[in-house]
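Here the structure is laid out as structure tokens; the discussion comes afterwards.
One-based numbering, in listed order, for ligands and for the atoms of each.
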Amino acid sequence: MSLNLLGLNRGQFEALCADMGEKPFRARQMMRWMHQAGVSEFDLMTDVSKGFREQIGASATIAAPAVLRDTTAPDGTRKWLFDVGTGNAIEAVYIPEGDIDDESVAEGVPVRRYRGTLCVSSQAGCALECSFCATGRQGFNRNLGTAEIIGQLWHASRSLSADLGVERPITNVVMMGMGEPLANFDNVVAAMQLMLDDHAYGISRRRLTLSTSGLVPAIDRLRDACPVALAVSLHAPNDSLRDQLVPINRKYPIRELLAACLRYIEKAPRDFVTFEYVLLAGVNDSVALARELVKTVKPVPCKINLIPFNPFPDSGYARSAAPAVAAFRDVLLQAGLTATVRKTRGDTIDAACGQLAGKVRDKTRRVLRRMEENRA
Ligand code: SAH
Ligand code: SF4
């Protein structure tokens with residue numbers, strides 16, 4: 001298999017150029033062609049010498065995962081289903097936030113500025129089995145490679161630029177698609193380094209958010225390797241409830257998780273952590289639990305993002321009713337916390353949080369186990 005250049009971060013690409021007897025600036029030049037101009041053919045890289053283009057083209061490719069489906073919802077949310085081979089598919093979702101600043105003027109010419117977020121997947125499936133998550137329900141198949149992770153952004157950027165006619169349609173990236181990004185640490189960090197690189201996507205650390213269910217040692221590693229904005233899927237104020245919803249809590253309980261958050265903030269690009277809290281009717285959405293949550297998160301500078309549960313077939317959960325959501329939020333606000341309710345986007349195309357399922361090969365083990373549980 002030939003080397004896929006999409007998966008190389010700057011250091012790796014520069015090392016490759018050095019091996020081939022070229023100067024490091026070639027790597028930066030080619031990165032701009034690939035990641036900024038969206039070019040996948042070496043022949044189009046006109047300022048790179050023909051000799052080098054032929055040399056590198058003989059042993060390397062530039063290839064994003066193939067698109068199986070491309071769907072746009074009435075609210076503008078767009079979802080791509082990518083083929084990652086051997087029967088597996090993953091999804092990326094674009095959430096447009098529209099023109100942010102029509103007024104800004106550069107050199108007398110009004111500039112159309114745009115804001116939009118891409119939600120990127122890190123694994124085919126997920127091993128962590130959170131009880132309310134469609135990805136967790138389907139089980140784990142494999143980690144995505146760096147080229148498969150960055151390939152989602154590469155493909156989305158070039159399609160959106162062409163279709164919307166804006167230069168940088170993706171201003172924010174959230175590692176919140178399928179999978180647990182910290183369970184695929186090295187590939188996710190390499191992909192995030194490309195997202196941050198000025199010769200690639202140039203996204204600021206504050207606009208790149210990684211969401212984790214709480215892999216404590218990996219949170220510490222991320223702090224040192226690539227500190228970006230951090231979101232932590234909390235979902236419950238105490239261990240007995242969180243053990244049920246987010247099973248990894250049995251290994252890394254809330255106290256240890258919060259301590260890791262505090263350590264992370266010391267190096268983070270933002271001075272707070274975002275706690276995500278999916279509201280499940282009758283399970284974790286009572287006013288009493290909201291009060292307990294206030295006490296639990298108190299030691300950590302944070303914002304709380306309440307996520308209305310997004311249903312999927314046989315989930316066994318229901319979305320909290322609007323008054324329950326408002327009552328829960330009000331308890332947090334009255335205690336002086338910052339709390340927002342996430343707008344549900346893209347649910348008509350199953351692109352909302354926790355609905356991403358792609359397609360993962362060999363669900364047999366899971367299905368059999370569930371059949372046994374039902375029988376018992
Ligand atoms: N594995 C990481 C990131 C992917 S999930 C994590 O768990 O944080 C992204 C967010 O969607 C998480 O906060 C997750 O808990 C939430 N989520 C999962 N299933 C959901 C559902 N059915 N409805 C709403 N949010 C959900
Ligand atoms: Fe995995 Fe996150 Fe889903 Fe939990 S919520 S199963 S960690 S993708």
Side-chain angles (χ1 to χ4, degrees), residues 90-93 95 117-144 149 152 173-185 188 191-192 208-216 218-219 222 228-236 241-252 257 260-261 264 273-281 283-285 302-320 325 340-347 350-358 360 363 366:
I90 51 122
E91 294 176 319
V93 177
I95 305 125
T117 300
L118 189 73
C119 178
V120 170
S121 292
S122 57
Q123 299 181 308
C126 182
L128 296 184
E129 305 195 3
C130 300
S131 59
F132 50 84
C133 172
T135 310
R137 187 61 74 78
Q138 71 182 184
F140 176 68
N141 199 278
R142 70 169 174 85
N143 281 331
L144 298 183
I149 300 170
Q152 299 167 58
V173 172
V174 292
M175 296 302 304
M176 286 189 191
M178 296 169 66
E180 167 52 53
L182 292 185
N184 183 14
F185 192 90
V188 165
M192 292 200 306
L208 172 54
T209 302
L210 181 143
S211 174
T212 179
S213 57
L215 302 188
V216 166
I219 293 175
L222 185 71
V228 296
L230 185 69
V232 170
S233 294
L234 195 58
H235 307 315
L241 183 55
R242 193 165 190 269
D243 281 350
Q244 291 168 38
L245 302 178
V246 185
I248 194 70
N249 193 67
R250 295 174 203 152
K251 194 159 176 197
Y252 305 115
L257 179 58
C261 290
Y264 192 87
V273 165
T274 301
F275 288 123
E276 294 158 288
Y277 194 106
V278 57
L279 286 166
L280 306 163
V283 176
N284 67 352
D285 65 344
C302 66
K303 292 189 178 177
I304 299 182
N305 197 201
L306 301 171
I307 315 174
F309 171 66
N310 294 308
F312 56 91
D314 300 325
S315 73
Y317 292 108
R319 181 180 289 186
S320 304
V325 174
T340 48
V341 179
R342 189 177 291 174
K343 255 203 290 177
T344 296
R345 302 283 301 264
D347 51 349
D350 285 346
C353 308
Q355 289 183 321
L356 303 185
V360 170
K363 302 180 197 162
R366 188 64 60 98

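Counting the atoms of ligand 2 from 1 in the order shown, those under 4.0 Å from a heavy atom of Ser213 are 7 (S). Atoms of ligand 1 lying under 4.0 Å from at least one heavy atom of Gly177, given by number and element, are 4 (C). Below 4.0 Å from some heavy atom of Thr212 lie the following atoms of ligand 1, by number and element: 6 (C), 8 (O). Near Ile307, with a cut-off below 4.0 Å to any heavy atom, the atoms of ligand 1 are 24 (C), 25 (N). Close approach of ligand 1 to Cys133 (heavy-atom distance below 4.0 Å) involves ligand atoms 18 (C), 19 (N). Less than 4.0 angstrom separates some heavy atom of Gly136 from each of these atoms of ligand 2: 6 (S). Residue contact check: Val278 has heavy atoms under 4.0 Å from atoms 23 (N), 24 (C), 25 (N) of ligand 1.
Ligand 1 has an N or O atom lying under 3.5 Å from an N or O atom of His235, backbone or side chain. Considering backbone and side-chain atoms alike, Gly179 places an N or O below 3.5 Å from some N or O of ligand 1. Between Phe132 and ligand 1, an N or O atom pair is found at a separation short of 3.5 Å.
When Ser211, Ala231, Ser121, Gly136 are ranked by how near their heavy atoms come to atom 3 (C) of ligand 1, first place goes to Ser211.
Under 4.0 angstrom from ligand 1, the non-hydrogen atoms of Glu180 come from both its backbone and its side chain. Contact annotation: for Asn310 versus ligand 1, heavy atoms closer than 4.0 Å belong to both the backbone and the side chain.
Using a 4.5 Å heavy-atom threshold, the side chains of Val188 and Leu222 count as separate. Under the 4.5 Å side-chain criterion, counting only non-hydrogen atoms from C-beta, Ile95 is not in contact with Val174. Counting heavy atoms from C-beta on, the side chains of Tyr317 and Leu245 come closer than 4.5 Å.
Of the protein's non-hydrogen atoms, Cys126 SG, 2.3 Å is the one closest to atom 1 (Fe) of ligand 2. Of the protein's non-hydrogen atoms, the one nearest atom 2 (Fe) of ligand 2 is Gly179 O, 4.5 Å. Nearest protein heavy-atom neighbour of atom 4 (Fe) of ligand 2: Cys130 SG, 2.3 Å. Of the protein's heavy atoms, Cys133 SG, 2.4 Å lies nearest to atom 3 (Fe) of ligand 2.
In this model, a donor atom of one side chain and an acceptor atom of the other lie less than 3.5 Å apart for Glu180 and Thr212.
At least one donor-acceptor pair closer than 3.5 Å links the side chain of Asn284 to the backbone N or O of His235. No side-chain donor-acceptor contact under 3.5 Å links Arg319 to the backbone of Pro311.
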